[in-house]
J.: 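Handing you this structure, nothing more for now.
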Amino acid sequence: MPVRPPLSGVLETVLYFVSEDETKRFYTEVMGMRLIGEAKGRHIFFRAGRSVFLLFNPDATNRPDTLPPHGATGDGHVCFLVSGSSYQQWKEYLPAQGVEILHEASWPMGKPADQSEGSSIYFRDPSGNLLEIANADFWPK
């Protein structure tokens, strides 16, 4: 039986959009991501640090084409990681851009209660997807 090879990480993450123009504006102007590709009515691709962040029109991708069909209904979720020093800046910046912070959470990082915890804020993009910004990788290693 073959041995399972290791994974190196997540290369790309996908969410689906409702309003293409609003979504493109939000991720370039508000989130500051660099647009790296687009096909009107089908997809918008961004660079998010070392990762790629893809947004698709589910009506265009949920039919046979060059790739297997894919799509989703309802709100998706993704969490972006920022440096600890940038976290507070994001908390101040988003409301100034008219983006409502819906919730802030503290996460234990496998340490005693008297030591640091990770924090994250939640907000929505124009298509209703739930976005999160975290100040640390608080998941078990």
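A quick note: this is a predicted structure, and the numbers were derived from the prediction, not measured. Just so it is clear, the values below take in all heavy atoms, side chains as well, and ignore hydrogens, waters and symmetry mates.
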J.: Name all residues meeting the side chain to side chain contact (heavy atoms under 4.5 Å, CB included) criterion together with Thr13; count only those two or more places apart in sequence or in a different chain, and write none if there are none.
T.: Val10, Phe53, Val78

J.: Among residues two or more places apart or on two chains, list those pairs meeting salt bridge (charged side-chain N to carboxylate O under 4.0 Å, His left out) that have a residue in residues 2-17.
T.: none

J.: Quick one: side-chain hydrogen bond (donor to acceptor under 3.5 Å, both in side chains) partners of Gln97, sequence neighbours excluded?
T.: none

J.: My understanding is that only residues two or more places apart in sequence, or in another chain, count here; which of them pass side-chain hydrogen bond (donor to acceptor under 3.5 Å, both in side chains) with Glu104?
T.: Tyr87, Lys91

J.: List for me each residue that meets salt bridge (charged side-chain N to carboxylate O under 4.0 Å, His left out) alongside Arg47, sequence neighbours excluded, and say none if there are none.
T.: none

J.: Can you name the salt bridge (charged side-chain N to carboxylate O under 4.0 Å, His left out) partners of Glu100, sequence neighbours left out?
T.: none

J.: Would you say Val18 and Phe26 are hydrophobically clustered, going by side-chain heavy atoms of ILVMFWY under 4.5 Å?
T.: no

J.: Compare all side-chain heavy atoms of Ile101 with those of Pro95 and state whether any distance is below 4.5 angstrom.
T.: yes

J.: Closest approach of Leu81 and Asp137, non-hydrogen atoms and distance?
T.: CD1-N, 3.8 Å

J.: Is there a path of hydrophobic side-chain contacts, each under 4.5 Å between heavy atoms of I, L, V, M, F, W or Y residues, that connects Met31 with Tyr93?
T.: yes

J.: Partners of Asp21 by salt bridge (charged side-chain N to carboxylate O under 4.0 Å, His left out), sequence neighbours excluded?
T.: Lys40

J.: Considering only residues two or more places apart or on different chains, which pairs with a residue in residues 73-87 satisfy salt bridge (charged side-chain N to carboxylate O under 4.0 Å, His left out)?
T.: Asp75-Arg124

J.: Looking at OH of Tyr27 and OG of Ser127, how far apart are the two atoms once the value is rounded to the nearest 0.5 Å?
T.: 7.5 Å

J.: With sequence neighbours left out, write down each residue that passes side chain to side chain contact (heavy atoms under 4.5 Å, CB included) with Tyr122, or none if nothing qualifies.
T.: His77, His103, Ala105, Trp107, Ser120, Leu130, Glu132

J.: Taking all non-hydrogen atoms of both residues into account, name the closest pair between Pro64 and Pro69 and its distance.
T.: N-CG, 3.8 Å

J.: Atom CG in Leu15, atom CG in Leu55: separation rounded to 0.5 Å?
T.: 5.5 Å

J.: Check salt bridge (charged side-chain N to carboxylate O under 4.0 Å, His left out) between Glu38 and all other residues, then give those that pass, not counting sequence neighbours.
T.: Lys24

J.: List, by chain and then residue number, the residues other than Val3 in its hydrophobic cluster (Ile/Leu/Val/Met/Phe/Trp/Tyr, side-chain heavy atoms under 4.5 Å); write none if there are no others.
T.: none

J.: Can you tell if the side chain of Pro126 reaches within under 4.5 Å of the side chain of Ser19, non-hydrogen atoms only?
T.: no

J.: Same cluster or not: Leu102 versus Leu94, using hydrophobic residues (I, L, V, M, F, W, Y) connected whenever any side-chain heavy atoms lie under 4.5 Å apart?
T.: no

J.: Is it possible for you to say whether Phe138 and Ile121 belong to one hydrophobic cluster, with membership spreading through side-chain heavy-atom contacts below 4.5 Å?
T.: no

J.: Report yes if the side chains of Glu20 and Ile44 come closer than 4.5 Å at any heavy-atom pair, otherwise no.
T.: yes

J.: For Val14, which fellow cluster members are found when Ile, Leu, Val, Met, Phe, Trp and Tyr are connected by side-chain heavy-atom distances below 4.5 angstrom, either directly or through intermediates?
T.: Tyr16, Ile36, Phe45, Val52, Leu54, Phe56

J.: To check you understand the geometry: which heavy-atom pair defines the closest contact between Cys79 and Ala134, and what is its length?
T.: SG-CB, 3.7 Å

